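Here is the structure we will look at.
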Number of protein chains: 2
Amino acid sequence: MSHMGYRCLMAVDREQVLRSAAALLTRKSTATMDEVARAAGISRATLHRHFAGRDALVRALESLGIAECEAALATARTDEGPAAEAVRRLVREMEPSAGLLAFLYTENQLFEGEEQNEGWARIDAALTELFRRGQESGEFRIDLTPVWLTEALYGLLASGAWAVAEGRVARNDFTHMIVELLLGGALRREEP
Amino acid sequence: MSHMGYRCLMAVDREQVLRSAAALLTRKSTATMDEVARAAGISRATLHRHFAGRDALVRALESLGIAECEAALATARTDEGPAAEAVRRLVREMEPSAGLLAFLYTENQLFEGEEQNEGWARIDAALTELFRRGQESGEFRIDLTPVWLTEALYGLLASGAWAVAEGRVARNDFTHMIVELLLGGALRREEP
DNA sequence: CCGGTGTGAGACAAGAATGTCTCATATGGG
DNA sequence: CCCATATGAGACATTCTTGTCTCACACCGG
């Protein structure tokens with residue numbers, strides 16, 4: 001009975017399990033617990049030891065997503081420097097979480113129980129504030145609302161994650177593709 | 001025994017059922033057939049008379065999505081005029097289908113059976129060709145691949161559909177928000 | 001060497017979802 | 001008016017999924 005626990009032998013990498021679960025559930029949201037376990041390379045029994053059930057699994061996914069988003073926001077220091085650069089730093093920090101976020105973003109059923117969305121509210125607020133700050137400083141156009149820009153960022157992150165996962169976009173281009181499209185759009189700029 | 005069939009009395013509006021099913025399944029992808037039926041305002045028995053099962057329902061959703069995309073592509077005449085204007089026309093034509101497309105785009109499990117994806121292949125090809133044409137004409141920048149722009153268009157359509165459905169973006173702004181972000185990006189343009 | 005710990009495989013029952021059926025009812029056309 | 005058609009409600013068996021349990025085994029530390 002180690003009073004610290006968890007730090008023993010060949011324990012399942014909880015985060016790895018969550019990541020593969022997110023990858024699978026994004027692609028096939030009706031996947032069975034057995035399929036999730038297989039995808040993670042563990043048995044259903046072990047999966048069930050770590051996550052009491054499907055609900056608990058999704059909750060854990062949400063918690064992880066929130067934690068990683070807040071960590072990305074903190075690391076990117078979105079309240080410092082030019083907003084455009086802050087967006088670039090933020091997307092770079094969010095890249096490893098993109099697959100997880102794609103699942104959480106598309107699985108709006110999470111918001112039904114409305115237990116945990118206070119975390120998302122904080123994150124949404126931080127993102128919206130970033131875009132608002134960019135508008136105020138004159139960097140961003142004002143005909144696209146900060147709320148929509150936030151929404152679009154989520155959508156592009158999901159698109160990017162899927163495009164990379166299916167080999168349609170090179171992994172190394174992830175940040176560039178998303179940031180350049182979000183900030184600059186598809187149109188060619190006039191030469192300065 | 002009407003040899004023409006289908007044009008009888010208070011028959012369920014098949015397309016209406018499919019649309020409400022897409023709206024529900026997008027929000028809660030694990031919804032029951034019973035929930036789908038309720039959402040469509042019909043009984044489970046009737047739903048099952050029209051769609052043999054969940055698979056058949058999803059197939060029908062996919063068929064409808066493909067048909068509407070191809071119709072939108074045809075109406076928008078994406079091979080005519082400036083590419084930017086073509087994109088604008090296309091998004092406008094796709095707006096009514098955005099909810100359905102959001103479901104189909106995020107439900108990548110469809111591609112497992114790979115029966116029907118030839119329709120998507122044609123649509124993807126048309127979209128990619130549109131962006132490629134815009135690059136060739138000098139309208140679009142060339143550091144964002146046509147494949148990525150296609151992917152981003154899908155993602156933004158989905159984001160837009162959800163944002164409108166949840167009241168975060170005004171319905172009337174749908175086309176403008178998507179087209180302006182996709183083409184122009186968030187950065188302010190220099191005055192010409 | 002041996003005990004503790006985490007895991008995989010499988011059995012098992014309880015529950016949920018599905019697919020199919022019947023019957024009653026309402027509607028509109030002939 | 002009557003009949004054909006479409007629907008709603010519900011019963012029902014089947015299948016799938018889940019949650020729990022047991023047992024055997026591998027690994028690591030002492």
Side-chain angles (χ1 to χ4, degrees), chain A residues 1-63 103 107 109-110 112-113, chain B residues 1-64 103 107 109-110 112-113 115:
Chain A
M1 51 171 71
S2 59
H3 57 307
M4 280 291 289
Y6 304 106
R7 189 52 84 188
C8 302
L9 44 162
M10 55 184 203
V12 162
D13 184 346
R14 178 187 170 96
E15 193 169 312
Q16 175 75 16
V17 171
L18 286 175
R19 256 174 229 297
S20 68
L24 173 60
L25 290 175
T26 301
R27 194 170 58 100
K28 180 178 180 179
S29 50
T30 60
T32 301
M33 290 293 275
D34 192 74
E35 296 177 271
V36 172
R38 265 173 223 285
I42 63 178
S43 71
R44 195 167 70 94
T46 300
L47 176 64
H48 211 275
R49 282 185 194 105
H50 286 271
F51 307 99
R54 194 191 190 76
D55 291 348
L57 177 65
V58 175
R59 293 260 189 87
L61 285 168
E62 192 174 21
S63 292
F103 166 71
E107 211 65 6
Q109 62 173 332
L110 300 173
E112 288 191 9
Chain B
M1 51 173 72
S2 59
H3 56 307
M4 280 291 289
Y6 303 106
R7 190 51 86 186
C8 303
L9 43 163
M10 55 186 204
V12 162
D13 184 346
R14 178 186 171 97
E15 194 169 312
Q16 174 77 15
V17 171
L18 286 175
R19 255 173 228 298
S20 68
L24 174 60
L25 290 175
T26 301
R27 191 170 61 99
K28 181 178 180 181
S29 50
T30 60
T32 302
M33 290 293 276
D34 193 74
E35 297 178 270
V36 173
R38 266 174 222 285
I42 62 177
S43 71
R44 195 169 70 94
T46 301
L47 176 63
H48 209 275
R49 283 188 193 103
H50 285 270
F51 307 99
R54 194 192 190 75
D55 292 348
L57 176 65
V58 175
R59 294 261 189 85
L61 284 169
E62 193 174 20
S63 292
L64 179 61
F103 166 72
E107 212 64 7
Q109 62 173 330
L110 300 172
E112 288 190 10
E115 331 88 6

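Order of the sequence lines sets the chain letters (A, B, ...), proteins ahead of strands, with each chain counted from 1. As the structure is a computational prediction, the values presented were derived from the model and not from experiment.
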Using the salt bridge (Lys or Arg N to Asp or Glu O under 4.0 Å) rule, collect all pairs that involve residues 37-57 of chain B, keeping only residues at least two apart or in two chains.
->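 Qualifying pairs, neighbours excluded: B/Asp34-B/Arg38.
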Report the C-alpha separation of B/Lys28 and B/Thr30 in whole Å, then their side-chain angles, then the decisive distance to 0.1 Å, and conclude whether the side chain to side chain contact (heavy atoms under 4.5 Å, CB included) test is met.
-> CA-CA 6 Å; B/Lys28 181 178 180 181; B/Thr30 60; 4.0 Å; yes
What is the separation between atom [atom1] on [X] and atom [atom2] on [N], rounded to the nearest whole Å?
{"X": "B/Leu57", "N": "C/dA17", "atom1": "CG", "atom2": "C1'", "result": "15 Å"}
{"X": "B/Leu47", "N": "D/dA9", "atom1": "CG", "atom2": "C1'", "result": "15 Å"}
{"X": "B/Phe51", "N": "C/dG19", "atom1": "CZ", "atom2": "C1'", "result": "16 Å"}
{"X": "A/Asp34", "N": "C/dA11", "atom1": "CG", "atom2": "C1'", "result": "14 Å"}

Measure the spacing between CD of A/Glu62 and CZ of A/Phe103 and express it to the nearest 0.5 Å.
->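 Reported value, rounded in 0.5 Å steps: 9.0 Å.
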Within less than 4.0 Å of OP1 or OP2 of C/dG8, is there a side-chain N or O belonging to A/Ser43?
->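 Indeed, a polar side-chain atom of A/Ser43 lies that close.
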Taking only the side-chain nitrogens and oxygens of A/His50, find out if one of them lies under 4.0 Å from OP1 or OP2 of C/dT7.
->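 So the side chain of A/His50 is within the cut-off, an N or O lying under 4.0 Å from OP1 or OP2 of C/dT7.
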Looking at residues at least two apart in the chain, or sitting in another chain, which of them share a side chain to side chain donor-acceptor pair (under 3.5 Å) with A/Ser43?
->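 Partners of A/Ser43 by the side chain to side chain donor-acceptor pair (under 3.5 Å) criterion, ordered by chain and then number, come out as A/Thr46.
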All side chain to side chain donor-acceptor pair (under 3.5 Å) counterparts of A/Thr32, not counting sequence neighbours |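 Side chain to side chain donor-acceptor pair (under 3.5 Å) list for A/Thr32, sorted by chain: A/Glu35.
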Not counting sequence neighbours, which residues clear salt bridge (Lys or Arg N to Asp or Glu O under 4.0 Å) with A/Arg19? List them please.
->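 Scan of A/Arg19 (salt bridge (Lys or Arg N to Asp or Glu O under 4.0 Å), adjacent residues dropped) gives A/Glu15, A/Glu68.
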Please confirm whether the backbone N or O of A/Thr26 pairs with a side-chain atom of A/Ser29, one donor and one acceptor, at under 3.5 Å?
->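 Checked: no pair found.
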Side chain of A/Arg49, base of C/dG8: donor and acceptor closer than 3.5 Å?
->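 Answer is yes: a donor-acceptor pair is held.
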Starting at the 5' end of DNA chain C, which residue's closest nucleotide do you reach first, A/Thr46 or B/His48?
->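 Its nearest nucleotide lies further toward 5', so the answer is A/Thr46.
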In degrees, rounded to 10°, what is the bend between the two ends of the helix from C/dC1-D/dG30 to C/dG30-D/dC1, using five pairs at each?
->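 About 20°, once rounded to a multiple of 10°.
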Please name the residue in the list A/Val17, A/Leu24, A/Ile42 that meets the side chain to side chain contact (heavy atoms under 4.5 Å, CB included) test with A/Val36.
->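 Going through the options one by one, the only one that passes is A/Leu24.
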Got A/Phe51 and A/Arg14 here, is their nearest side-chain heavy-atom distance under 4.5 Å?
->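 Sidechains of A/Arg14 and A/Phe51: in contact.
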Shorter than 3.5 Å, N or O on both sides, protein versus nucleotides 11-17 of chain D: list them out with atom names.
from, atom 1, to, atom 2, distance (Å)
D/dT17, OP1, A/Thr32, OG1, 3.3

